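Just follow the structure's listing: the first ligand is 1, and inside any ligand the first atom is 1. All of these numbers come straight from a predicted model, not from anything done at the bench.
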Amino acid sequence: MRVLLLGSGGREHAMAWALAKSPALTKLWAAPGSDGMGALAERVPLDPLDPKAVSAFCAEKGVELLVVGPEAPLAAGVADAVRAAGVPVFGPGKDGARLESSKAFAKDFMLRHGLPTARARVGGYEEALAAARAFGGRCAVKADGLAAGKGVIVCTALPEAEAAVATLAATGAGSTLLVEELLTGPEISMMAVLDGTSYALLPASQDHKRLLDGDLGPNTGGMGALCPVPLEAPLLARIRSDVFDRALEGLKKDGLDYRGVLYAGLMLTPDGPKCLEFNARLGDPETQAILPLLDADFLELCLACARGELRTDRVPARPGACVSVVVAAEGYPEAPKPGALLTPEAAEGREGVMVFHAGTRKDGDRWLAAGGRVLAVVGLGADLAAARERAYGALPLVAGPRLRWRKDVAAKVLGRSLA
Ligand code: AMP
Ligand code: GLY
């Protein structure tokens, strides 16, 4: 099977690693790929946002499966163009990807199809201000469009909420705003793969979005993840019935043939799980902690979804747990400084340790930081505590000065201390 993977981040390095394990793989290209995944895939200088260029490459090289990593190519209609040319694609079309690319569309979808979610008002600057006042300032203010994790401000007082409306209204993504009631509770990432008519759940995971230990500091793209989150059977059943069954029914009613990942960001509130957001692709850095645990051929799974032939409602996982700790460049997220030295080869051969590159660059024999989130050190163990120990045991070998990482990834899960 000849496969093209779109993307270049840590999630895509993990996806390339998982695809490369499949006995069915004969050739893997990555566009644009990264130096870090160079041993797994041939890099191609192709614009992943250009539907025509990606289709032309697939036709020329006889690509048999397109796997889309990030959201931007989905929103740009790349999956539609390639699917229209007869190539199976793992990733929804532009219409389905609106569940991520427009928060207003996602909220409307959730409300119309009865998914549990926060009460919200959608509108321009004036409506948003009025809504913030109506919620007494206890609200989440969100820009409608894609904003790379920077489009949400959580507020607990009115002056803060008014300032948030003004700030987001001034950004490109913020001509339409959402103002939501403030919810509380632990957050989990629940992902499913869909084949157009059915879905299979991946094991539950948890991101660590804030920059600093203790969930302090600014929001980031994600500073670490753990998998699995231990969920009691009744809660899992409720997530299935109230979120994913209804989402699937909703997609069908709306005439959306959705093939790829549906990611629900859930808050486990005292009133039950509520859906904060959808993404149309795998989470980053959750993927780096989920894929090593799967007891399934990832290529076959993507292909089954792309062809509409999913035959299970749960992607099987191995026993054990995985913890991924993100290393970021000094200055991240505002102004990451490039150039810090990394030594991922020092972790090679350590039992239960993997390194997935996100923003690195090979300079001769040396690995240098070349992005905000630089790489993830992943530990795999019999349980979360063992996985955590492995990740943190390897970290000082891989990363040093001018780099930062959280020291408390997976120290707690669902409020319970593990460390
Ligand atoms: P989103 O991009 O919608 O997931 O929002 C980013 C983060 O903002 C979430 O992970 C939550 O921590 C927080 N958040 C979003 N919506 C709410 C809400 N209604 N109440 C409380 N926190 C929220
Ligand atoms: N880890 C959060 C995301 O991928 O959106």
Side-chain angles (χ1 to χ4, degrees), residues 7 9-12 14-15 69-72 74 97 99-107 110-111 115-122 131-132 135-156 160-161 164 168 173-174 177-191 202 204-211 215-227 229 261-271 273-291 324 326 328 333 356 358 372-373 376 409:
R11 163 185 52 214
E12 287 78 18
M15 292 168 84
E71 60 275 19
L74 300 170
L99 287 174
E100 172 162 6
S101 63
S102 168
K103 286 187 187 289
F105 176 81
K107 178 62 72 174
M110 291 179 211
L111 293 174
L115 280 76
T117 183
R119 284 182 299 132
R121 302 254 295 269
V122 179
F135 285 123
R138 291 180 52 79
C139 58
V141 184
K142 308 187 174 188
D144 179 46
L146 287 179
K150 299 193 181 96
V152 179
I153 303 176
V154 176
C155 309
T156 51
E160 207 188 335
L168 291 181
L177 296 168
L178 262 81
V179 179
E180 287 189 4
E181 69 178 308
L182 192 72
L183 299 175
T184 53
E187 278 178 59
I188 63 167
S189 307
M190 200 72 202
M191 288 169 238
L202 290 163
S205 59
Q206 194 166 33
D207 189 5
H208 293 60
K209 290 194 187 192
R210 301 296 195 101
L211 180 69
D215 293 325
L216 300 172
N219 253 324
T220 69
M223 295 300 291
L226 61 89
C227 182
V229 175
V261 176
L262 184 65
Y263 167 135
L266 301 179
M267 195 169 258
L268 306 179
T269 77
D271 300 328
K274 302 231 172 159
C275 195
L276 292 180
E277 64 161 344
F278 280 131
N279 292 316
R281 36 82 195 166
L282 288 168
D284 188 341
E286 291 96 322
T287 300
Q288 294 88 314
I290 294 173
L291 294 186
S324 109
V326 169
F356 293 123
R373 291 187 291 173
V409 174

Which atoms of ligand 1 have any heavy atom of A140 under 4.0 Å away? 16 (N), 17 (C), 18 (C), 19 (N)

With heavy atoms and a 4.0 Å threshold, my read on which part of V154 contacts ligand 1 is side chain

Could you work out, with salt bridge (Lys or Arg N to Asp or Glu O under 4.0 Å) as the rule, every residue matching K274, not counting sequence neighbours? none

Which ligand 2 atoms are under 4.0 Å away from a heavy-atom of E286? 1 (N), 2 (C)

Locate the shortest heavy-atom distance separating A118 from L183; write the atom from each residue and the value. CB-CD1, 3.6 Å

Is there a donor-acceptor pair closer than 3.5 Å between any side-chain N or O of E187 and the backbone N or O of Q206? no

Between E12 and G9, is there a donor-acceptor pair closer than 3.5 Å when you use the side chain of the first and the backbone of the second? yes

Looking only at distance, does N279 have an N or O less than 3.5 Å from an N or O of ligand 2? yes

Suppose we screen for salt bridge (Lys or Arg N to Asp or Glu O under 4.0 Å). Which residues come up paired with D284, at least two apart in sequence or across chains? R373

For ligand 1, indicate whether the residue K103 contacts it via side chain, backbone, both or neither (heavy-atom separation under 4.0 Å). side chain

Atoms in ligand 2 with a heavy atom of D207 nearer than 4.0 Å: 1 (N), 2 (C)

G222: heavy atom below 4.0 Å from ligand 2, yes or no? no

So, are E180 and K107 salt-bridged, with charged N and O less than 4.0 Å apart? yes

Which of these, E187, E100, E180, R138, has its nearest heavy atom closest to atom 11 (C) of ligand 1? E187

Grab the two heavy atoms, one from P285 and one from D207, that are nearest each other, plus how far apart they are. CD-OD1, 3.4 Å

Would one find an N or O of V152, backbone or side chain, under 3.5 Å from an N or O of ligand 1? no

Write down the atom of L268, the atom of I188, and the distance for their closest heavy-atom approach. CD1-CG2, 4.1 Å

Logged contact type for L182 with ligand 1, heavy-atom cut-off 4.0 Å, is both

Any atoms of ligand 1 less than 4.0 Å from a non-hydrogen atom of E181? List them with their elements. 18 (C), 19 (N), 20 (N)

Would you mind running through ligand 2 and noting each atom that sits below 4.0 Å from a heavy atom of Y263? 1 (N), 2 (C), 3 (C)

G283 neighbourhood, listing ligand 2 atoms whose heavy-atom distance to it stays under 4.0 Å: 4 (O)

Note: heavy atom closest to atom 4 (O) of ligand 2, options R281, R11, E187, belongs to R281

Note: L282 and Y263 closest approach over all heavy atoms is C-CD1, 4.3 Å

G217 backbone acceptor or donor facing R210 side chain under 3.5 Å: yes

Quick note on ligand 1: atoms under 4.0 Å from a heavy atom of L276 include exactly 3 (O), 9 (C), 11 (C), 16 (N), 17 (C), 18 (C)

